[in-house]
Structure formats: C-alpha cells, structure tokens
Amino acid sequence: MKALARQLFKTFLFSVIISIVASAVYYSLQYKGVSQDLNGILPSLSESVALLNIFILIMTLPMLFLANPAYYNNLSIRLVLYFSGSVVFVITAFRLQLNPENKTLYFITAISFIIVHSVFYYLMTKKRR
C-alpha cells in the first residue's frame, strides 16, 4: 500500500504542475490583449487548480484498495478502483451549472490528472508483469 500511496502522491504533484501550466497557457491564449497580465492572475489560478486536484485526489483514494491482491488481479475491479474517481469528477464537472471558463478549467485539470494517472497505471502494470 505504501507504493500505491507514493504513486498517488506523485500523480498529484505532476498533475498540479501540468494543470497550472496548461491553465496558464489557456488563459493567456483566451484573454490575449486584455489589460490584466498573467502575473496578477497566476496565484489565484494556481490555488484553484491545486484545490481541484485535491478534490480529484480524494475521489481517487479507493485505488489504495489495490494493495489487496484479490482486487488487483481482477482487471475490471482494478480499472474501476483506479479510474472511477477521476472519471466521476469529469462527469460531475460537466453536469454542474458553471460558466464556460470554469468548465474549461475543470476539464483541463481533470484531463491532466487522468493522463498522468494513466501513465502511472501503465508503469504499475508493466512492473508487475
């Protein structure tokens, strides 16, 4: 379980970094020419992206049950436990009544988390073969 917790923490860190960069790029492309510069908005953007990643991290905690070999050896249970939290976050984010800019920020954060999480899933399953 210690390895899974370490992997989840690495996923969180990489996802936060990638989400902040991707959100900053989106913001700079979307609001090019607006008088506010990126230096003024970057701290609040970073805080909101980190908070969203914390929500996804909490929703992804059931993956720690994969320490049980019975759960890990069953592919369908392994996929559900590993990816269900981040997928449910994406579905919930699109069902909420948010403005398009916030939905885009939620989407960027969730997709970056899922991509990083998928890379670590691949590395985990490759290592155990």
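Quick note: residue numbers are just sequence positions, from 1.
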Exercise. Is there side-chain contact between Met124 and Leu4, with at least one heavy-atom pair below 4.5 Å?
Worked result: yes

Problem set entry | Side-chain (Asn102) to main-chain (Leu98) donor-acceptor, under 3.5 angstrom | no

Problem set entry | Test side chain to side chain contact (heavy atoms under 4.5 Å, CB included) applied to Tyr121 and Arg78, step by step | CA-CA 10 Å; Tyr121 176 79; Arg78 182 173 62 206; 3.0 Å; yes

Exercise. If every non-hydrogen atom of Thr60 is compared with every non-hydrogen atom of Ser86, which pair is closest and at what distance?
Worked result: OG1-N, 4.0 Å

For this session: Search all heavy atoms of Thr104 against all heavy atoms of Pro100 and return the closest pair with its distance.
Result: OG1-O, 2.8 Å

Exercise. Near Tyr72 OH, under 6.0 Å, is it more than 12 heavy atoms from other residues, nucleotides or ligands?
Worked result: yes

Problem set entry | Value rounded to 0.5 Å, distance of CG in Leu13 from CD1 in Ile18 | 11.0 Å

For this session: Could you tell me whether the side chain of Ser112 reaches within less than 4.5 Å of the side chain of Phe14, counting heavy atoms only?
Result: no

Exercise. Same cluster for Tyr26 and Leu51 if Ile/Leu/Val/Met/Phe/Trp/Tyr side chains link at under 4.5 Å?
Worked result: no

Exercise. Can you get from Leu66 to Phe120 by hopping between Ile, Leu, Val, Met, Phe, Trp and Tyr side chains that sit under 4.5 Å apart?
Worked result: yes

Exercise. In terms of hydrophobic clustering (I, L, V, M, F, W, Y; side-chain heavy atoms under 4.5 Å; direct or indirect links), are Leu75 and Val80 co-clustered?
Worked result: no

Problem set entry | Heavy-atom side-chain contact between Phe83 and Met63 under 4.5 Å | no

Problem set entry | Phe94-Phe107 aromatic ring centre distance below 6.0 Å | yes

For this session: Give, for atom CG of Leu52 and atom CD1 of Ile108, the distance between the pair rounded to the nearest 0.5 Å.
Result: 11.0 Å

Problem set entry | Interatomic distance, Thr11 atom OG1 to Ile115 atom CD1 [nearest 0.5 angstrom] | 12.5 Å

Exercise. Any chain of hydrophobic side-chain contacts (each under 4.5 Å) joining Ile54 to Ile111?
Worked result: no

Exercise. Hey, what do you get for CG (Leu61) to CG (Leu81), rounding to the nearest 0.5 Å?
Worked result: 11.5 Å

Exercise. When rounded to the nearest 0.5 angstrom, what is the spacing between CG in Leu64 and CD in Gln7?
Worked result: 9.5 Å

Exercise. Heavy atoms, side chains only, cut-off 4.5 Å: are Leu8 and Phe12 in contact?
Worked result: no

Exercise. What pair of heavy atoms forms the shortest contact from Thr109 to Ser15, and how long is it?
Worked result: O-OG, 4.3 Å

Exercise. Looking only at heavy atoms, which two atoms of Ile56 and Ala110 are closest? And how far apart?
Worked result: CD1-CA, 3.8 Å

Problem set entry | Centroid-centroid under 6.0 Å between Phe113 and Phe89 rings | no

Exercise. Same hydrophobic cluster for Ile20 and Val25, using side-chain heavy-atom links shorter than 4.5 Å among ILVMFWY?
Worked result: no

For this session: Would you please test Leu105 and Leu45 for side chain to side chain contact (heavy atoms under 4.5 Å, CB included) and show each step?
Result: CA-CA 9 Å; Leu105 182 68; Leu45 185 67; 3.8 Å; yes

